[in-house]
**Q** 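My structure is below; once you've seen it, I'll send some questions.
For this chain, numbers begin at 1 and follow the sequence in order. Indexing begins at 1, ligand by ligand and atom by atom, following the structure's order.
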Amino acid sequence: MKPVRRIGILGGARIPFARQNTQYVDASNIDMLTAALKGVVDRFGLNGERLGEVAAGAVLKHSRDANISREAALSSGLSPQTPAYDVQQACATSLQTAVLVGSKIALGQIEVGIAGGVDSASDAPIAVNEKLRKLILALNRGKTTSERVRMLMQLRPSMLKPSIPNVNERRTGLSMGEHCEQMVKQWKISREAQDALALASHRNGVRAYEQGFYDDLLVPFGGLKRDNNLRADTSMEKLVKLKPAFDLTSGHGTLTAGNSTPLTDGAAAVLLASEAWAADRGHSPQAWLVDAESAAVDFFGPKPEGLLMAPAYAVPRLLARNGLTLQDFDFYEIHEAFAGQVLCTLAAWESADYCRNALGLGAPLGTIDRTRMNVNGGSVGLGHPFGATGARILASAAKQLSLHRAKTGTSGRTLISMCAAGGLGVTAILEG
Ligand SMILES: CC(=O)CC(=O)SCCNC(=O)CCNC(=O)[C@H](O)C(C)(C)COP(=O)(O)OP(=O)(O)OC[C@H]1O[C@@H](n2cnc3c(N)ncnc32)[C@H](O)[C@@H]1OP(=O)(O)O
């Protein structure tokens with residue numbers, strides 16, 4: 001057996017994130033992913049290089065886009081001999097691609113690779129409806145003109161209605177927001193607490209920009225130099241005035257456009273490498289990807305768990321394996337699908353009953369220092385192009401650890417937690 005090797009995160013690049021139907025309305029997933037990959041290639045001088053692999057993915061993909069990672073890699077300046085493949089695990093996609101690339105590095109199968117992700121809510125794939133699809137396929141098989149004409153006579157105006165994609169869960173028919181409304185009601189999370197978390201998401205993002213944190217992480221694209229969802233002028237006064245976005249009828253809806261992620265376009269990528277490869281090229285890893293854990297919950301059975309609660313299950317397993325407590329972290333990167341979902345997860349870790357009965361723990365995991373959470377902004381403020389958010393978080397977390405080390409002279413540790421559609425969650429620990 002070869003020894004397991006450390007996985008270095010050398011750094012990342014992303015394009016600024018843009019709200020749906022704004023600056024990137026004409027950009028495809030491949031265009032945006034190419035820009036993010038090129039950002040990494042330029043920053044680390046990888047032009048013409050053959051890497052071990054590129055793994056990326058998108059949640060919303062056109063059927064013509066079979067392998068967007070390969071197409072983007074071919075246009076990125078990397079050697080055409082670099083293998084590339086797509087992965088899709090909803091919002092956790094590009095954290096999972098980093099775990100996959102990192103695992104191959106740890107096992108000695110590759111020395112270096114890029115993990116990334118992308119999504120376009122503006123260029124969402126629209127398909128023809130099922131009846132028309134079947135008719136077109138039958139037409140293609142028709143042998144004679146008269147046979148095809150006979151088939152065409154079956155065409156009805158109703159068959160022209162397109163099939164528009166949404167982020168609804170297949171098994172429940174509910175949207176992510178509707179599921180999260182159920183969760184915040186179960187956990188009694190107040191509207192005020194959600195708005196306060198949303199405000200912190202914007203404020204932390206704005207401060208990070210002011211301090212130049214994003215200067216070397218962003219590659220301008222489509223005329224944009226910073227995330228266009230970030231609001232310096234938002235406030236509790238403005239947030240409390242917004243109307244419920246998902247529970248429109250009960251009078252108790254608390255999720256709004258202000259405390260939910262906006263539909264977003266964007267792409268992000270990170271470079272991962274073995275210690276030896278990094279040293280050979282004169283790069284010092286900003287952080288190490290120490291471990292990762294996935295979980296899934298049953299959100300539709302007789303006793304359904306909250307759709308976005310899987311990270312609550314993954315984190316205690318990750319902590320136990322690494323001999324850590326929830327408090328042993330300098331920073332927490334908790335993906336904000338909705339402010340309310342972050343607060344449900346934190347409440348779950350604080351609850352003795354839940355930790356005992358649902359997570360099978362002897363004691364609650366306890367509280368975290370909220371001032372260490374999403375210190376450079378979260379998904380509510382920066383935006384959330386589904387497939388790209390994991391790589392956005394990884395690149396920011398690794399850079400934050402390198403700044404922490406430079407400032408304090410000691411290494412630090414970050415917990416990453418991402419919920420995903422389908423009742424999934426992926427979590428990871430970085431050190432550096
Ligand atoms: C998918 C996975 O695997 C896991 C996950 O991450 S789950 C999460 C997936 N993401 C989602 O489901 C996306 C959820 N978001 C949405 O569907 C939509 O953004 C939404 C329905 C919540 C809102 O859509 P919308 O109404 O079109 O938003 P938008 O028009 O931008 O905003 C509404 C108003 O709020 C205002 N607003 C928004 N944020 C604000 C803020 N922070 N401060 C002040 N005002 C704000 C806007 O200015 C706008 O005001 P006007 O009407 O006066 O122009």
Side-chain angles (χ1 to χ4, degrees), residues 17-22 57-60 87-96 117 119 121-122 124 164-170 172 174-184 194-206 227-248 253-266 294 296-297 299 306-311 334-342 344-345 377-390 392-393 417-426:
F17 291 169
R19 296 171 67 82
Q20 180 186 37
N21 296 329
T22 59
V59 174
L60 298 172
V87 171
Q88 204 269 44
Q89 199 178 11
C91 299
T93 292
S94 53
L95 180 54
Q96 194 60 272
D119 251 291
S122 303
I164 296 178
N166 57 39
V167 283
N168 290 4
E169 277 298 333
R170 200 184 170 100
T172 63
L174 299 180
S175 68
M176 302 287 126
E178 288 166 326
H179 271 286
C180 194
E181 271 288 358
Q182 293 177 343
M183 287 164 49
V184 296
Q194 295 175 53
D195 287 344
L197 196 144
L199 184 62
S201 184
H202 283 272
R203 293 230 165 118
N204 288 349
V206 169
D227 310 309
N228 72 7
N229 182 62
L230 205 54
R231 295 169 187 248
D233 64 348
T234 191
S235 63
M236 279 305 268
E237 292 70 39
K238 288 181 180 167
L239 285 163
V240 297
K241 287 196 189 124
L242 300 177
K243 292 195 178 61
F246 300 102
D247 175 359
L248 310 177
T254 53
L255 270 71
T256 68
N259 60 37
S260 306
T261 46
L263 291 163
T264 313
D265 307 333
S294 298
V297 295
F299 60 95
L307 176 76
L308 303 173
M309 292 300 283
I334 306 199
H335 163 52
E336 301 161 352
F338 303 92
Q341 146 269 322
V342 176
C344 290
T345 305
S379 301
V380 166
L382 303 172
H384 173 37
F386 311 126
T389 293
R392 189 270 294 162
I393 288 177
S417 165
M418 297 196 72
C419 62
L424 301 169
V426 182

**Q** Drop me the distance from Met176's CE to Leu255's CG, to the nearest 0.5 angstrom.
**A**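 Met176 atom CE to Leu255 atom CG measures 12.5 Å (nearest 0.5 Å).
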
**Q** Run the numbers on Ser94 and Thr389 for side chain to side chain contact (heavy atoms under 4.5 Å, CB included), then give the verdict.
**A** CA-CA 7 Å; Ser94 53; Thr389 293; 5.8 Å; no

**Q** Between the protein and ligand 1, are there any N or O atom pairs that come within less than 3.5 Å of each other, and if so, what are their names and distances?
**A**
residue  : atom   : partner : partner atom : Å
ligand 1 : 3 (O)  : Cys91   : N            : 2.9
ligand 1 : 3 (O)  : Ala421  : N            : 2.6
ligand 1 : 6 (O)  : His335  : NE2          : 3.0
ligand 1 : 6 (O)  : His384  : NE2          : 2.8
ligand 1 : 10 (N) : Thr261  : OG1          : 3.4
ligand 1 : 15 (N) : Thr261  : O            : 2.8
ligand 1 : 31 (O) : Arg19   : NH2          : 2.2
ligand 1 : 37 (N) : Arg231  : NH2          : 3.4
ligand 1 : 42 (N) : Thr234  : OG1          : 3.2
ligand 1 : 43 (N) : Thr234  : OG1          : 2.7
ligand 1 : 45 (N) : Arg231  : NH1          : 3.4
ligand 1 : 48 (O) : Arg231  : NH1          : 3.4
ligand 1 : 48 (O) : Arg231  : NH2          : 3.1

**Q** Once rounded to the nearest 0.5 Å, what's the spacing between atom CD of Gln88 and atom CZ of Phe386?
**A** 10.5 Å

**Q** Using the six-membered ring wherever Trp is involved, compare the ring planes of His384 and His335 and label them parallel, tilted or perpendicular (cut-offs 30° and 60°).
**A** tilted

**Q** Where the side chain of Glu178 meets the backbone of Asp247, is there a donor-acceptor pair that is under 3.5 Å apart?
**A** no

**Q** To the closest 0.5 Å, what do you measure between NE2 (His179) and CG (Leu174)?
**A**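 Taking NE2 in His179 and CG in Leu174, the distance rounds to 4.5 Å.
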
